[in-house]
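All chains are named by letter (A, B, ...) in the order of the sequence lines, taking the proteins before the strands, and each is independently numbered beginning at 1.
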2 protein chains.
Amino acid sequence: MPDDGRLPADLFLDLDRSGPVPLYFQVGSRLEEAIRSGRIPPGSRLENEIALGERLSLSRPTIRRAIQDLVDKGLLVRRRGIGTQVVHGPVSRKVELTSLWDDLQAGSQGPSTKLLDRTTVGASGAVAEALGVPQGSAVLHIRRVRFADDAPMAVLENYLPPELLDATDEELAAHGLYQLLRMRGVTMRVAKQRIGARAASREESKLLEIDDLAPVLTMSRTAYDASGRAVEYGTHCYRPDRYSFEVTLVDK
Amino acid sequence: MPDDGRLPADLFLDLDRSGPVPLYFQVGSRLEEAIRSGRIPPGSRLENEIALGERLSLSRPTIRRAIQDLVDKGLLVRRRGIGTQVVHGPVSRKVELTSLWDDLQAGSQGPSTKLLDRTTVGASGAVAEALGVPQGSAVLHIRRVRFADDAPMAVLENYLPPELLDATDEELAAHGLYQLLRMRGVTMRVAKQRIGARAASREESKLLEIDDLAPVLTMSRTAYDASGRAVEYGTHCYRPDRYSFEVTLVDK
DNA sequence: AAGTGGTCTAGACCACCGT
DNA sequence: CGGTGGTCTAGACCACTTC
């Protein structure tokens, strides 16, 4: 059998052993690129971990970690006694604007945002519980509409901790919450989301340019920083013809 | 500071070093149990990895893996130079029937299912592409209604590979797809899902006992086995007042 | 029997955080 | 500065699959 899964030799020529980027990340990224581009075709077998490690002068745990990351992303499948294969399914498809993170990560570059409302309010029961602050303490409440290609896509309602009370309207419209929080030393690490559906309210239907009571996709999220403190609580609703969520599950 | 994060001494007394259950899994499970039960309270600090390893007579990588699994589940947060903490947020909340896997995993025990339709059809364009089979090849098509507490919750439409062509109606109603496929040697490893919303069709609204054109939550999924072959394609719609999806995201 | 991934060990050095 | 997690190494033994 000539198919020994030997990878293209030039894939890993430029590994940087002194820079700050971890080796497992460099290996994983190059491998992911090769798979998504189709250069390593679906269903093809990879070299075994030890051989690959020797060719790259890397230890087996380092190789394993790089491969495991791609397994977690759903790009590779491992079977004991068999080997590692590229999945057959639709791999090359990029995650476009349906990623679950993009509300946080886009912001500055992505679709535009219009600020509808921005007030400082005392945290009510549900908000106070979600953010983990005392009832009645001051939090920032904002309401925005997100546009993609000049068409309304979502209505975003958020409650934020005191750090952002000083943000200007211009900042809120231009920079996205994730970025604003980062600039103030707050980085999100964990988020819990609930996705559902309901009929649009009269106001929402107007903003989204859909019929009253038409279906909307809803998502509510609480995000936590590295210390475990809640730093964002939001309730969003989306036009279902312009937005959907994509999730890849891996059996562990 | 007396808070050295020292864990309860009896947590790890019964580690089985000879059985088939990996040590990192045993450690992780016990830790998860202690966190979810509140025995290790939110915000509390854990011992550092090396100390914990010494106390349990385990190497640092083994401890790290156990902890990392809980970080990936959103139960713990690690910070370099600081330590590992239990997140502050709502942790103890069980995942009940909103897990993204339960359609696959419940089946036998969970809510009941009524089989509406079961036919062998030639794979049409979209189905053939999703399942990765030739156009027109025989696949099993089934349509079911899922009930929870005797109330309709979802309409499930699935296309399945030839392995299941011989399944009886009783099996289909009683055992759940995941279990039936497992019994035939097929195990799912990766699934890609898309979650959206739309208005219910007349037939769906009747089955779900809701108004015509009322909102429904939709999910379509393609599942792959260990070899990367597609083994299930399904389109489901849910009553949004009885079902929603819960997702935990971790920044990696 | 040979080859694969799955687990585990016992170290090492580094980057980052607090004091 | 000491303590923490982040990375990396070089081995070892095992379980599983295929031949």
Side-chain angles (χ1 to χ4, degrees), chain A residues 1 3-6 15-29 44-72 76-86 185 187 189 225-228 250-252, chain B residues 1 3-6 15-29 44-72 76-86 185 187 189 225-228 250-252:
Chain A
M1 273 259 292
D3 178 16
D4 59 352
R6 202 173 169 75
L15 292 182
D16 175 11
R17 302 188 84 96
S18 57
V21 182
L23 288 168
Y24 71 85
F25 188 86
Q26 297 183 49
V27 173
S29 300
S44 60
R45 233 171 49 106
L46 258 58
E47 285 176 81
N48 74 63
E49 300 168 342
I50 300 179
L52 186 53
E54 282 173 355
R55 281 216 299 147
L56 305 186
S57 299
L58 292 175
S59 69
R60 188 184 167 200
T62 302
I63 299 292
R64 265 188 79 76
R65 171 141 189 202
I67 292 178
Q68 186 60 49
D69 284 352
L70 298 194
V71 171
D72 291 343
L76 294 177
V77 178
R78 286 207 272 218
R79 281 183 291 175
R80 178 164 11 189
I82 306 289
T84 304
Q85 275 184 311
V86 179
T187 50
R189 294 291 276 273
D225 72 359
S227 74
V250 178
D251 184 23
K252 287 187 183 178
Chain B
M1 277 266 284
D3 178 17
D4 58 351
R6 203 171 167 74
L15 293 181
D16 175 12
R17 303 188 85 97
S18 57
V21 182
L23 289 168
Y24 71 85
F25 188 86
Q26 296 182 50
V27 173
S29 300
S44 59
R45 234 173 49 111
L46 258 58
E47 287 178 78
N48 74 63
E49 298 169 341
I50 300 181
L52 185 53
E54 281 174 355
R55 281 216 298 145
L56 304 186
S57 298
L58 293 175
S59 69
R60 188 183 168 200
T62 302
I63 298 293
R64 265 188 78 77
R65 171 140 189 204
I67 291 178
Q68 186 60 50
D69 285 352
L70 297 195
V71 171
D72 292 342
L76 294 177
V77 178
R78 285 206 271 216
R79 281 183 292 175
R80 181 169 1 195
I82 303 290
T84 304
Q85 276 183 312
V86 179
T187 51
R189 293 290 276 272
D225 71 0
S227 75
V250 179
D251 184 22
K252 288 187 184 179

key: Distance below 4.0 Å between A:Thr84 side-chain N/O and C:dT4 OP1 or OP2   = no

task = Give a yes/no on whether any side-chain N or O of B:Thr62 is located under 4.0 angstrom from OP1 or OP2 of C:dT9.
result = yes

Side chain to side chain, B:Asn48 and B:Thr84, heavy atoms closer than 4.5 Å = no

message = Mind checking if A:Ile50 touches a base, just sugar-phosphate, or nothing, with heavy atoms under 4.0 Å?
response = nothing

remark   = Rounded to whole Å, the OH-P distance (A:Tyr24 to D:dT9) equals 13 Å

ask   = Where do A:Gly53 and A:Ile63 come nearest, in terms of heavy atoms and distance?
value = CA-CG1, 3.6 Å

query = Could you give the distance from CG (A:Leu58) to CG (A:Leu15), rounded to the nearest 0.5 Å?
reply = 6.5 Å

inquiry  = Between the base of D:dG3 and the side chain of B:Arg80, is one N or O donor paired with an acceptor at under 3.5 angstrom?
reply    = no

request  = Give one of base, sugar-phosphate or nothing for A:Pro22, where a contact means two heavy atoms less than 4.0 Å apart.
outcome  = sugar-phosphate

Residue closer to the 5' end of DNA chain C, A:Gly83 versus B:Ser59 (nearest nucleotide) = A:Gly83

message = Could you tell me how far apart A:Leu58 (CG) and D:dG11 (P) are, to the nearest whole angstrom?
response = 15 Å

task = Starting at atom CG of B:Leu52, determine the distance to atom P of C:dT9, rounded to an integer number of angstrom.
result = 12 Å

message = Judged by each residue's nearest nucleotide on DNA chain D, which is more toward the 5′ side, A:Arg79 or A:Arg65?
response = A:Arg65

message = Between C1' on D:dG6 and CD on A:Gln26, what's the gap in Å once rounded to a whole number?
response = 15 Å

ask   = Counting just side-chain N and O atoms, does A:Asn48 come under 4.0 Å of either OP1 or OP2 of C:dT4?
value = yes

inquiry  = To the closest 0.5 Å, what do you measure between CD1 (B:Ile82) and CZ (B:Arg80)?
reply    = 11.5 Å

request  = Let me know the distance between CZ of A:Arg78 and C1' of C:dG3, rounded to the nearest Å.
outcome  = 16 Å

Protein-nucleotide distance (A:Ile82, atom CD1; D:dC16, atom C1'), rounded to Å = 8 Å

Student check: side-chain heavy atoms of A:Arg64 and A:Arg78 closer than 4.5 Å = yes

message = Tell me the interatomic distance from B:Arg45, atom CZ, to D:dG3, atom P, rounded to whole angstroms.
response = 12 Å

request  = Would you kindly give the CZ-to-P distance between B:Arg64 and D:dT4, to the nearest whole Å?
outcome  = 14 Å

